Amino acid sequence: MTNIDTSFNFEIRKSKIDAQSLSEDLRTDKGLGGIVIFEGRVRNQSEGKEVLKLEYESYKELAESEGKKILKEALAKYAQVKSVICIHGEGEMEPGDLAVWVGAASPHRDEAFQACRYVIEAVKHRLPIWKKETFKTGEAHWVNCREHHAIPCN
Amino acid sequence: MTNIDTSFNFEIRKSKIDAQSLSEDLRTDKGLGGIVIFEGRVRNQSEGKEVLKLEYESYKELAESEGKKILKEALAKYAQVKSVICIHGEGEMEPGDLAVWVGAASPHRDEAFQACRYVIEAVKHRLPIWKKETFKTGEAHWVNCREHHAIPCN
Amino acid sequence: MSAQAPIKHIKVRYFALLREERGLDLEEIDTTAHTLEQLYKELANRYRFSLEANSLAVSQDDNFAAWGDSIKDGSTIVFIPPVAGG
Amino acid sequence: MSAQAPIKHIKVRYFALLREERGLDLEEIDTTAHTLEQLYKELANRYRFSLEANSLAVSQDDNFAAWGDSIKDGSTIVFIPPVAGG
C-alpha cells in the first residue's frame with residue numbers, strides 16, 4: 001500500500017480479537033466513507049445441540065499466505081476499496097467469542113459490501129483452518145471434516 | 001420482539017454515535033453468529049472538493065416512524081435475522097464522523113449481509129433526512145436537493 | 001356568486017432548502033386550497049420556492065401523503081425535499 | 001532387478017482429524033513414493049486414515065500443490081482435511 005492511511009492486514013491470531021481497535025484501523029483514511037464489517041461469532045448451538053466450546057486449529061503459514069492473497073484479490077476486484085483487514089482466531093473459544101473479523105472500507109458503500117462478502121466467503125472455503133466442536137453432552141467432532149469438499153487447489 | 005436478547009432500534013440521534021456500544025447491543029443473543037455492520041462516515045471530499053463540514057437535518061417524527069418500518073421490513077424479508085439496529089446522526093459533523101450505523105445479526109451470514117444492505121439502501125432513499133455540505137472554499141449546498149427524485153410515497 | 005371554499009387552519013413545517021427559502025421552520029396559515037398539491041402551488045408561488053412539486057414528497061400529520069389528498073383542518077403539513085440520508 | 005526408486009527424506013505435518021488419527025503433528029520419514037498422491041495412499045494405508053484423498057487438499061513447502069506433483073527431497077508436506085474456517 002502506498003497510502004499510509006490505508007490498512008491491509010491478514011492474520012491468524014491466538015489472542016482475543018479486539019473488534020473495536022480493528023475498526024479504528026479501518027477508519028484512518030477520511031476519504032473512505034463506506035465501511036462494512038463482518039463479525040463471525042461462536043454460536044451457542046449447532047445441529048440442534050448446545051455448544052460448550054469450539055477449538056480452532058490452523059496451518060498458520062499457509063493460512064496467512066492464502067489469506068493475504070484473498071485480500072489482494074478483493075482489492076483488485078473492487079478497485080475503490082482501499083482498506084481491508086481480516087483476522088481469524090485460533091485456539092479455544094466459547095459461545096459469543098469472536099472467531100473471525102473482516103472489514104472493508106471504500107469511498108462508497110457498494111464495493112465495501114461486496115469486498116467484505118468476497119473475503120469472508122473465500123476465507124471460509126479456502127483457508128486451512130479447522131474447528132472442533134464440543135457439545136454440552138460431551139460429544140465432540142471436527143466440523144465438516146467428513147462432509148465437505150477439499151480446498152480447491154491453485 | 002419476544003426474545004429479550006434480541007435488539008430492535010431505530011433512532012435519529014443528536015449526540016455522537018458510539019459504534020462500539022451499538023455493536024455490543026447486537027451481540028447479546030449468542031445464537032446469532034453472523035453480524036454485519038455498515039458505518040457511513042463523513043468523507044473529506046465530495047465532487048472533487050475538500051469538505052469542511054456537513055450538517056444533517058431531519059424531520060424526526062416521520063424519519064423515526066419510517067425507519068422503524070424499514071427495520072420491520074428487513075426482519076420480515078430475512079426471517080433468520082433477529083436483531084437489527086440503525087442509528088442516524090443529526091446536526092453538525094466533520095470528516096471522519098459517524099453519520100449512520102446499521103447492524104444486523106443472524107445465525108448465519110448470508111441473511112445478515114442482505115438485511116444490513118436492505119436497511120442502508122432504504123434509509124438513504126426513504127427517510128426525510130437532508131445534508132448540507134460546506135466545502136473548504138466556503139461554498140455550501142444542500143446535497144441532492146435539486147438533482148434527485150422525491151421520496152416514493154406510500 | 002359561487003359557494004365559498006371552506007377555510008382550513010393548518011400548520012406547515014419547512015426543512016432544509018425549503019426552510020431556508022421560506023426563512024422559517026413553522027408557520028400557521030389559513031388556506032382555501034383543497035388538495036396538498038394546490039397548497040404547495042399556492043405557497044411556492046407566494047414564496048418563490050425553487051423546487052417543483054414533482055421533485056418533492058409530502059406528509060400530513062407525520063404520515064406520507066399523496067398530492068391529491070384533501071387538506072384536513074388542523075393538520076400539520078410538510079413538503080419533503082429530495083432526501084440525502086446516510 | 002528393476003532400478004531402485006530414489007529415497008527421499010521429508011517432513012509430514014498433520015492437522016485436525018489427521019493429527020488425531022496419526023497421534024502426532026509432525027514426523028520425518030523416508031519414502032520412495034514418487035507423487036504426493038502415492039505418499040498419501042502409503043500413509044493412509046499404514047495409519048488407517050479415515051479420509052479419502054479426494055476429500056483432501058495437499059501442500060508442499062507451504063504452497064498448495066497438485067496430487068500428481070513429484071515429492072521433493074527435504075520438503076514439508078501437509079495433507080489438508082476439508083476446512084471449516086469462520
Side-chain angles (χ1 to χ4, degrees), chain B residues 10 12 17 38-43 46 54-70 86-90 93 98-102 116-117 119-133 140-154, chain C residues 10-29 33-41 43-44 47-72 74-86:
Chain B
F10 180 90
I12 303 289
I17 300 173
F38 173 76
E39 295 182 357
R41 291 183 174 270
V42 178
R43 288 190 302 139
S46 177
L54 276 191
E55 181 144 6
Y56 280 94
E57 180 173 336
S58 84
Y59 172 9
K60 190 175 158 88
E61 296 85 344
L62 184 54
E64 291 195 334
S65 64
E66 190 72 2
K68 287 185 172 66
K69 203 172 146 197
I70 290 168
C86 176
I87 310 293
H88 200 297
E90 189 170 45
M93 297 192 197
L98 186 51
V100 58
W101 191 96
V102 180
C116 184
R117 186 77 197 252
V119 170
I120 186 60
E121 297 302 326
V123 159
K124 294 215 172 217
H125 290 99
R126 287 165 49 184
L127 295 194
I129 297 178
W130 303 272
K131 62 184 169 198
K132 188 174 194 171
E133 200 164 49
H141 72 142
W142 287 99
V143 176
N144 292 347
C145 253
R146 287 161 200 276
E147 303 86 354
H148 280 228
H149 294 295
I151 292 184
C153 288
N154 298 51
Chain C
I10 56 165
K11 290 179 185 165
V12 181
R13 294 175 69 183
Y14 297 101
F15 291 96
L17 186 60
L18 289 179
R19 177 178 54 70
E20 291 186 347
E21 291 183 349
R22 179 61 190 93
L24 46 75
D25 57 14
L26 174 69
E27 65 181 341
E28 303 204 13
I29 57 175
H34 182 62
T35 67
L36 293 166
E37 185 169 23
Q38 285 164 8
L39 176 66
Y40 184 71
K41 286 188 171 157
L43 295 171
Y47 302 118
R48 309 266 159 223
F49 292 152
S50 64
L51 297 166
E52 297 292 329
N54 66 11
S55 74
L56 301 175
V58 60
S59 74
Q60 190 162 213
D61 289 337
D62 297 340
N63 287 303
F64 283 114
W67 284 108
D69 287 358
S70 301
I71 293 171
K72 287 173 272 184
S75 70
T76 298
I77 290 159
V78 181
F79 301 110
I80 299 172
V83 301

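Bear in mind that the values here come from a model prediction, so they are computed numbers and not experimental data. Below, chain A is the first sequence line, B the second, and so on; all start at residue 1.
- Contact annotation: the side chain of P81(C) never approaches that of W142(B) to less than 4.5 Å [non-hydrogen atoms, C-beta and beyond].
- Both the backbone and the side chain of Y59(B) come within contact range of chain C, each with at least one heavy atom under 4.5 Å from a heavy atom of that chain.
- With a threshold of 4.5 angstrom between heavy atoms, E20(C) approaches chain B through side-chain atoms but not through N, CA, C or O.
- In plain terms, the two heavy atoms of D62(C) and L62(B) that are nearest each other are O-CD1, 3.3 Å.
- With a threshold of 4.5 angstrom between heavy atoms, K132(B) approaches chain C through side-chain atoms but not through N, CA, C or O.
- Of the possible polar contacts, none joining the Y56(B) side chain to the A84(C) backbone as a donor-acceptor pair under 3.5 Å is found.
- Closest approach of F64(C) to P128(B), counting heavy atoms only: CZ-CD, 4.5 Å.
- Distance CZ/R126(B) to CD1/I80(C): 12.5 Å, rounded to 0.5 Å.
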